[in-house]
Every structure is written in C-alpha cells, then in structure tokens.
Amino acid sequence: MQIVMGVTGGIAAYKACEVVSRLKKLGHEVDVIMTENATRLVAPLTFETLSKRPVCVDTFTRTESWDVKHISLAQKADLFLVAPATANLLAKLACGIADDMLTTTLLATKAPILLAPAMNTGMWTADATQANFRTLQARGVHFVGPQSGFLACGDTGAGRMSEPVQIVEAAEKLLHPCRDLEGLRVLVTAGPTLERIDPVRYLTNDSSGKMGYAIAAAARARGASVTLVSGPVHLATPTGVTVVPVVSTQDLYDAMMAHCSSQDIIIQAAAPADYRPAVTAPEKLKKQDGQPFTLTLAENPDVAKAVGEQKKPGQILVGFAAETEHLLENAQKKLDKKHLDMIVANDVTQAGAGFGVDTNIVTLITHDGATELPMLPKSEVAARILDKVSELRTKAN
Ligand code: PMT
C-alpha cells in the first residue's frame, strides 16, 4: 500500500529510518516528506536510499512530472504517518497551518493520519499541546505514543517516541482495519447525568464522556451502526455515530428503553447519578439564614439492571464498574446483578484511571475469568473491550 511519511525535526528522526525500512520490508511504497529542520538531523539521502524514492522537502522544487506534488502525494496516500511528530507539527495541524511541504500535504489529505509524537515532557504536558492533541483526536487523527522514559534532553517522563516496531504495528492496524462488527447494531452510553436541584444548581459527577465516546468511535470504525446515548459533555460527535442527548438518569433510562431491544451489543460506560433531588425547586432556592439546609434525595432507576432484565437472546451486554475499594468483588456483584456478559472494572482512585483523564486502567471480567490490562489510552481500552465482545459473540454462536 501507499504510505506518505512525514519526518519532523526531533532527535527521534533517526528512528524514522527504521520505520521506513520496516514498512518497505512489509511491501509498502513509502514517500518521505521531511521538514527543513528534520534535514539537519538526518540526511534526506538516508531516507531516499531506504525508500528508493526521492524525498520531498521544498514545496517549490521542480520535478520531471507536471503534477502538483503536495496534492498528488496527499491523494495517493492510503495512510499518512508522521514520525516523529513535534509539538510544532501538532500545533500547525490543529490550526490548519500549511507553510511547508509537509503541512500543506497533510492539510490536503483525506487518508487516515497517524502521528507518533516525540518531544520533551514539558512540551508534551503543556496546556497548548494537550489541547491540540485533544482537538486532533476529536477530528479522528490517530496517535501512537508518546511513551514515558528517558528523553534525549536528559529528562525522564512522557514524550518519548514509540519504538519503530510499535509505530509499524499501529500503521498496519490502520491499513488493514478490523471490520468484525460490520452489520451489527451497537448502543453505547457515555458521560455523566445531571440532576436539577433548582433552575441554577444541579448534582452531577466528573465523567467527561471520553471512555464512552472512544468506544462509540472504535465500534463505528469496526463497521457497526452505532447509537451513543450521551449525558452533557464537551466532546465532538464521532464521525458516523448517531447521538441521543440526555440530561438526567431518568432521560437515560427512557432513551435506553426506547433503543435497547433492537441492539446486538450494549456497552454502558456512562456514570448515571444514583440519586436525584426528590423535588426540583421551580425557583432559585434561598439561603436559610445560617440554618442547615437539607436536600432530600430520591433513588434513580438502575438503567443497566433494567436493560439486563430485558436482555434479548444473543445480545451482549457490557457494563462498567467505577470503584474506590474492593474492585473485583464489587465489579463481580454488578456483573451478576445487572445480567451482564462482561463488566469493565476500573479503580477510579488510581492515577491515569477513570474520570476525566485520557487513559484508563481496567480489568475485563466475564463469567469465564478476568483479564487485567495495563494503563492504556482510552482508545486502546475501547479496542480491547471490543476484541473481548467479539470473542464472546464467537463463543455464543
Ligand atoms: O467519562 P470519562 O471521564 O471518560 O470516565 C470514564 C468512567 C470512569 C465514567 C467509566 O470508565 C466508568 O467507570 N463508567 C461507569 C461509571 C458508573 O456509574 O459506575 P457504577 O459502578 O456506579 O455503575 C455500574 C454500571 O451501572 C455502569 O455501567 C453504569 O453505567 C450503570 N448504572 C449505574 C447507575 C445507574 N443508576 N444506572 C446505571 O445504569
């Protein structure tokens, strides 16, 4: 297949040579585009020798053929990989800046884009870079890494480029996407619910929706027709996914009851409030002049349990368990009580797990056993959950 590979000016550029070499050994055609800065770190001749094609650096270089080079490369790519991708590249791509051969070609391409970020920890964790990372992820740009480890600048932390073998693996996955959910209907829940106290106050929790949205996007990419019942979040709708917005747990219950019977797979990553104010005040509540204020709560429906009680033959039901203690015992109880086929247990007290963050640390528990996963980006957790769901479907049929 045809891969266009961008190389930007990070010290990890030397590892990009191995990426090109590995891609060539797998039989791919690779066109390399380097930034000016990258050419100071590795000579274009190295990439030309490995790829057996001319390397592009300057948008205005005259070539023998009369095509417009950045457009023709953008169009012929089955995959556009950038390794290493510097903070500068992420920022330009997020803003649509096209001021050299690499960024003009990237902006013009319709191919899947895979970035392997590499930079100093401070640059990776900077608010601007993280915002650019999230923007690009929301637009469907794929990432491999960065990893944590010893960095060329002497620091230790996140920002190290993934190893060439991992980058090539990620590229292969995108070039040969798994379509195991083709023709299936998948219903996903995501985000918090919000329970009104009065017109200006409410009860809610810290769910950002990232976990559920990652599952919806991954299921769609694997060919499923996806409906996402979402609480109030600030995330872009994944491409091709139908969103049903809800606010309260009662809304979530109503939406799930309307949709659940027609689904093949239901994955409930939402964090619905278990309680709501027994009465929602029609006007803003006033202070009590120093007296304690008592809010009476009423129990909300258990949506997952209700869905489980209506389980259709052949349906696969997956729930999540957000726990702060006795992770496995509590999750196991929910697996049984809610009639689930699998529960994704996350100890939300661990750094890098649970609410708000881009990663999660989970154990997948089925009736046959448990699989503990390391800390992974939520997109990868989503992929592992869907792999397990596919396995369960195969066993059931
Ligand atoms: O949204 P993010 O910021 O990415 O964070 C992800 C997450 C922490 C929200 C997610 O990984 C997660 O753990 N979701 C489940 C949160 C939760 O409500 O856990 P629980 O153990 O209270 O509920 C167990 C299961 O029952 C869940 O599938 C939940 O959706 C469901 N439930 C809970 C309460 C309720 N009234 N009705 C339900 O259906």
Side-chain angles (χ1 to χ4, degrees), residues 134 137-138 187-195 203-218 228-235 238 246-257 259-260 265-276 297-311 316-365 373 375-382 384-385 389:
R134 283 193 294 274
Q137 264 194 328
L187 180 61
V188 182
T189 71
T193 62
L194 186 154
E195 310 291 338
L203 299 174
T204 191
N205 59 61
D206 288 325
S207 171
S208 62
K210 287 177 185 173
M211 191 65 251
Y213 275 57
I215 295 168
L228 174 61
V229 182
S230 173
V233 298
H234 303 282
L235 298 175
V246 295
V247 176
S248 65
T249 298
Q250 184 61 48
D251 296 342
L252 176 71
Y253 176 86
D254 294 342
M256 292 300 281
M257 289 302 113
H259 287 89
C260 70
I265 298 162
I266 302 177
I267 305 178
Q268 300 180 76
D274 285 324
Y275 292 93
R276 64 180 184 280
L297 300 179
E299 197 170 320
N300 270 329
D302 185 326
V303 183
K305 186 162 174 276
V307 170
E309 281 161 358
Q310 302 190 10
K311 187 173 190 241
I316 300 286
L317 303 185
V318 179
F320 271 70
E323 303 296 339
T324 56
E325 56 176 355
H326 309 303
L327 177 69
L328 299 183
E329 297 96 287
N330 287 341
Q332 183 73 47
K333 279 185 202 152
K334 288 177 184 170
L335 176 77
D336 298 332
K337 184 176 153 202
K338 299 182 191 230
H339 312 283
L340 301 167
D341 298 287
M342 172 161 82
I343 192 144
V344 182
N346 47 184
D347 173 352
V348 292
T349 62
Q350 280 187 279
F355 296 95
V357 288
D358 293 317
T359 51
N360 210 350
I361 307 168
V362 303
T363 301
L364 309 182
I365 306 174
L373 300 180
M375 190 193 321
L376 293 169
K378 282 182 174 163
S379 55
E380 189 54 36
V381 173
R384 304 289 184 98
I385 291 169
V389 166

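Order of listing sets the numbers, starting from 1, for every ligand and every atom in it. Keep in mind that what you see is a predicted model, and the values were worked out from it rather than measured.
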Salt bridge between E323 and K334, side-chain N to carboxylate O under 4.0 Å? yes
May I ask you to say whether K378 pairs ionically with D358, meaning some side-chain N is under 4.0 Å from a carboxylate O? no
Min N/O separation A269 to ligand 1 under 3.5 Å: yes
Does ligand 1 have an atom that lies less than 4.0 angstrom from a heavy atom of A306? no
Intermediate values then yes/no, side-chain contact (heavy atoms from CB on, under 4.5 Å), T193 and D251: CA-CA 9 Å; T193 62; D251 296 342; over 6 Å; no
Report yes or no: does a heavy atom of G191 sit under 4.0 Å from some atom of ligand 1? no
Numbered atoms and elements of ligand 1 in range of K378, under 4.0 angstrom, heavy atoms: 2 (P), 3 (O), 4 (O), 5 (O)
Does an N or O from K305, backbone or side chain, lie closer than 3.5 Å to an N or O of ligand 1? no
Is there at least one pair of N or O atoms, one from P301 and one from ligand 1, spaced under 3.5 Å apart? yes
Are any of the N or O atoms of A271 closer than 3.5 Å to those of ligand 1? no
Among all protein heavy atoms, pick out the one at the shortest distance from atom 35 (C) of ligand 1; state its residue, atom name and that distance to 0.1 Å. D274 OD1, 3.6 Å
Would you mind running through ligand 1 and noting each atom that sits below 4.0 Å from a heavy atom of K338? 24 (C), 25 (C), 26 (O), 31 (C), 32 (N), 33 (C)
I want to know if ligand 1 touches Q268 in the polar sense, i.e. an N/O pair below 3.5 angstrom. yes
Walk me through it: do H326 and E329 pass the test side-chain contact (heavy atoms from CB on, under 4.5 Å)? CA-CA 6 Å; H326 309 303; E329 297 96 287; 3.7 Å; yes
